[in-house]
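I have placed the structure first, in the form of structure tokens, so that the comments after it can refer back to it.
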Amino acid sequence: MNEPWDDIRAAVRKAIDGGLRSMGTEVDYVLESPPAGIADLAVPCFPMAKALRRPPVAIAEELANLIPAENMIREVWADRGYLNFRINDDFLVKSTLEDVLQRRLDFGKGDTRGKIVLLEHTSVNPSGPIHVGRARNPIIGDTLARCMRHCGYDITTEYYVNDVGKQVVLLTWGLENIDPSEVDATGRDKDDHRLVGFYQIANRRLEEDPDVRTEVASMLQRFEDGDAEVINKVRHTTEMMLAEIGTTLDTINVSLDSFKWESDFIVDGAAKDIVDSLTRVEQCHEEGGALYLDLNEFEVHGKDTRFFFTRGDGTTLYTTRDMAYHLDKFRRADRVIDVLGEDQKLGSQQLTIALGLLGEPRAPECLFYSFVSLPEGKMSTRKGTVVYMDDLIDEAETRAYEEVRKRREDLSEERMREIARIIGRGAIRHSIAKVQPEKPLVFHWEEALNFEGNSAPYLQYSHARACSILRKAGDYERRADPDMLVDPTERKLVRAISRFPQVMRDCGEEWRINALPVYGHELASTFNQFYVATPVLSSGKYRDHRLTLVECTMWVLRNVLENLGIGAPEEM
RNA sequence: GCCCGAGUGGGGUAGCUUGGAUAUCCUAAUAGACUGCGGAUCUAUUGACCCGGAUUCGAAUUCCGGCUCGGGCGCCA
């Protein structure tokens, strides 16, 4: 699908190529979008100077004289070594608006790719409620999945359920051995919040009491030996936790397409197969019964270059099972994407190298994010120094409710609650999605729950305002006549709309999802400028055209919100 | 100690992949606009590229060296 700007850029390139040919050369050049206001498109002529052995200023001037201002090009001029273009707005207005009217939420959608993508995200340990330290994972993962889907990829999202290992086993032990009266019951009435108290106490016992250590170790051993009783008990605990985590994720509009259980790779022998294969690799060595690969030649190391894949007792390790999981993923998909916390970087490198040694040519594509921390430091479920997602969501909804009640006394209680839910939840997703994943993020209540400026409510409000105009307008004829949309604010708005497809490509192809909130704010802001400057309903012969522009804006705003996983209420 | 990230106005943030013209936007502060199609709005002003070198006609962007912060360096997950 060709978007308006693709056609424009192609036409401009053709004209430049023609100009260069008349000069008797075919040098490479970059066609860039200069800072707003200077020009629409520009070619810096400095890099050509060497090849043409002429000063950049002269090159730009000669090219400007050689290229005619016709068709899509309205004006060509040279400025201090730049070749500048002003493009024909009329074409942009007509093609953009017609495109949006016709495709609505499919505007900017890419052609279907033949490839299947498996995107793993969230995969948090099911040992406690999800907290905001990990909040970036589901939000980044789900937003990326939405954007890539919009770009035409066939995406399946998957949660890898960590039901093997000390954490869940310890929790299961705690549920059986800790007297419920010992557990602090101040938490909320939700299983994950109830269970986490057992987990914290169990951790303390484990540190203090050697007998507990022995008991838990024996449970772990039985689990790894495939003891059905232990496995089922642990699975039961995990299922309880997972269901509640799912409920939390659901409130912020995140749903996973599938769940893969780590223990499956023990039960079906895939983890053992990995061990057998790795044993035959030349880098494999043994120490005290434990097996490891020496990754010296790959320059990947922690304390040393050894990467252990079994314990001395022959049981497998997390990364060993993760290898089995990745081979399974590669069987199911063409591309495998993992959204991971930055603490997984080393493990992920080791995993990729080990897979390579087994003859797997593909590697997972990883998106790492840094953790959200509190002003006083890192969050820890074990230590109880956390802000839970459920609490953050509640707080956001409460604050949103107060705002709605202030403004909309006419609405029913139920409707106010409903709108407050959409606004509060959206604000959380937006505040996380707008920051580049690798940037450190310190959690502040006021910032996460900011409803002004560059925030979800600002986008939602602009959308609701557009809906309101369209509601009041009733029937109108959809028209996209450039001669009737000549006001600078109208032209600016059309330009903002026309950029959406490019932004979506940036999000889906380059994984720059934070570009979407940035763009959304620009679009909403441009719409608000148009709104104060230009009457719509009472604008006589312009009415239909302006309503068409409002409708197109509404579709694109909704499209932005949809790809961010944020609700778009028609009133608020 | 070694490895990997991040440092942009008072606070937050975009731009960095592919060097280019006047560094984006929010917030804050100050001053203003509107009986309007919804004021969760709009306009104006103030204010920043961690430090030092190098490459270049040109560096927030590339390279080298520091500093500060986060993460990693388990026969944990």
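In what follows, chains are A, B, ... by sequence order, proteins preceding strands, each numbered from 1.
Computed from coordinates, the A:L31 CG to B:U18 P distance equals 18 Å when rounded to whole Å. Atom-to-atom, CG of A:N203 to C1' of B:A77 comes out at 12 Å; the value is rounded to the nearest Å. Straight-line distance from the CG atom of A:L411 to the P atom of B:A40: 13 Å, rounded to whole Å. A:N454 has its CG atom 13 Å from the P atom of B:A28, to the nearest Å. Spacing between atom CZ of A:F527 and atom P of B:A40 amounts to 14 Å, rounded to whole angstrom units. Atom CG in A:D304 sits about 18 Å away from atom P in B:G72, given to the nearest Å. Between A:R546 atom CZ and B:C37 atom P there is a gap of 14 Å when expressed in whole angstrom units. The interatomic distance linking A:H463 (NE2) with B:G38 (P) rounds to 15 Å, in whole Å.
Geometrically, A:R499 does not engage A:W5 in a cation-pi contact defined by less than 6.0 Å to the ring centre and at most 45° from the axis. Cation-pi contact between A:R465 and A:Y531: present, with separation from the ring centre below 6.0 Å and deviation from the ring axis of at most 45°. With A:Y476 as the aromatic partner, A:R478 meets the cation-pi criteria of under 6.0 angstrom to the ring centre and within 45 degrees of the ring axis. For the pair A:R136 and A:Y369, the cation-pi test (distance below 6.0 Å, angle within 45°) is failed.
Across all strands shown, B:A33 pairs with B:U41; the Watson-Crick or G-U wobble distances both stay below 3.5 Å. Across all strands shown, nothing is found opposite B:A59 as a Watson-Crick or G-U wobble partner with both distances under 3.5 Å. Across every strand in view, B:U24 sits unpaired, with no contact that passes the Watson-Crick or G-U test at under 3.5 angstrom. Under the Watson-Crick or G-U wobble criterion, with both distances below 3.5 Å, B:C49 has no partner in any strand shown. Applying the Watson-Crick and G-U wobble criteria (two distances, each under 3.5 Å), B:U68 pairs with B:A6. Partner assigned to B:A14 is none, using Watson-Crick or G-U wobble distances below 3.5 angstrom. B:G19: no Watson-Crick or G-U partner with both key distances under 3.5 Å is found in any strand.
Residue whose closest nucleotide on RNA chain B sits further toward the 5' end, between A:Q529 and A:K166: A:Q529. When the nearest nucleotides of RNA chain B are assigned to A:A42 and A:A290 by heavy-atom distance, the more 5′-ward of the two goes with A:A42.
Residue-level contact check: A:R543 touches neither bases nor backbone, having no heavy atom under 4.0 Å from any strand. Within 4.0 Å of A:V404, counting heavy atoms only, lies at least one base atom of the nucleic acid. Here A:Q344 lies in heavy-atom contact (under 4.0 Å) with a base. Using a 4.0 Å heavy-atom distance criterion, A:N84 is classed as a base contact. Using a 4.0 Å heavy-atom distance criterion, A:T534 is classed as a base contact. Contact annotation for A:D79: base contact, defined as any heavy-atom pair under 4.0 Å involving a base atom. At the heavy-atom level, A:I423 lies under 4.0 Å from base atoms of the strands shown. At the heavy-atom level, A:P47 lies under 4.0 Å from base atoms of the strands shown. Within the nucleic acid shown, A:V30 has no heavy atom closer than 4.0 Å to any nucleic acid atom. Within 4.0 Å (heavy atoms only), A:Q349 reaches no atom of the nucleic acid at all. Within the nucleic acid shown, A:A533 has no heavy atom closer than 4.0 Å to any nucleic acid atom. Residue contacts shown for A:P34 include a base, since a base heavy atom lies under 4.0 Å away. Counting non-hydrogen atoms under 4.0 angstrom, A:S370 reaches nothing in the nucleic acid. If you check every strand for non-hydrogen atoms under 4.0 Å, A:G312 touches a base.
Checked against B:A40, B:A21, B:U13, the side chain of A:M572 finds its nearest nucleotide in B:A40. The listed nucleotides are B:C75, B:G11, B:C4; the one nearest the side chain of A:E447 is B:G11. With B:C2, B:A14, B:G38 as the candidates, the nucleotide lying closest to the side chain of A:K439 is B:A14. Considering only the side chain of A:Q436, B:A14 comes nearest among B:A14, B:A77, B:C26. Comparing B:G71, B:A40, B:C42 by their closest approach to the side chain of A:F451 singles out B:A40. Checked against B:G5, B:G38, B:U22, the side chain of A:I38 finds its nearest nucleotide in B:U22. Listed candidates were B:A40, B:G39, B:A77. Nearest to the side chain of A:N162 is B:A77. Among B:C37, B:C76, B:A40, the nucleotide with an atom closest to any side-chain atom of A:V536 is B:C37. The side chain of A:Y458 lies closest to B:U41, out of B:C76, B:A21, B:U41. Residue A:Y531 has its side chain nearest to B:G38 when only B:U17, B:C76, B:G38 are considered.
For the C1' atoms, the distance linking B:A21 with B:G5 amounts to 32 Å, nearest Å. Look at the C1' atom in both B:G47 and B:A23: the space between them is 13 Å, to the nearest Å. Taking atom C1' on both B:U62 and B:G74, the two are 38 Å apart, rounded to the nearest angstrom. The C1' atoms of B:U22 and B:G12 are separated by 23 Å, rounded to the nearest whole Å. B:C2 and B:G11 have their C1' atoms separated by 35 Å, with the value rounded to a whole Å.
Legend: residues meeting salt bridge (charged side-chain N to carboxylate O under 4.0 Å, His left out) with A:K472, ordered by chain and number and at least two apart, are absent. Take A:D79 and apply the side chain to side chain donor-acceptor pair (under 3.5 Å) test, not counting sequence neighbours, and it matches no residue.
Of the N and O atoms on the side chains of A:Y461 and A:N528, not one donor lies less than 3.5 Å from an acceptor on the other residue.
OP1 or OP2 of B:A77 lies within a sub-4.0 Å distance of a side-chain N or O belonging to A:R311. Between B:G74 and A:R306, no contact under 4.0 Å exists linking OP1 or OP2 to a side-chain N or O. Applying the 4.0 Å criterion to OP1 and OP2 of B:G39, one finds that A:K406 has every side-chain N and O outside that range. Here A:R465 reaches the OP1 or OP2 of B:G39: one of its side-chain N or O atoms lies under 4.0 Å away. For A:R471 and B:C37, the shortest distance from a side-chain N or O to OP1 or OP2 is not below 4.0 Å. Contact annotation: A:K434 does not reach the phosphate of B:C25 (side-chain N/O to OP1 or OP2, under 4.0 Å). Checking the phosphate oxygens (OP1, OP2) of B:A77, no side-chain nitrogen or oxygen of A:Y318 falls inside 4.0 Å.
Residues A:F259 and A:Y159 bring their aromatic ring centres within 6.0 Å. The ring of A:Y325 has its center closer than 6.0 angstrom to the ring center of A:Y160.
A donor N or O paired with an acceptor N or O is not found under 3.5 Å between the base of B:A40 and the side-chain atoms of A:N450.
Side-chain contact between A:V164 and A:F223 is present, with heavy atoms from C-beta onward closer than 4.5 Å.
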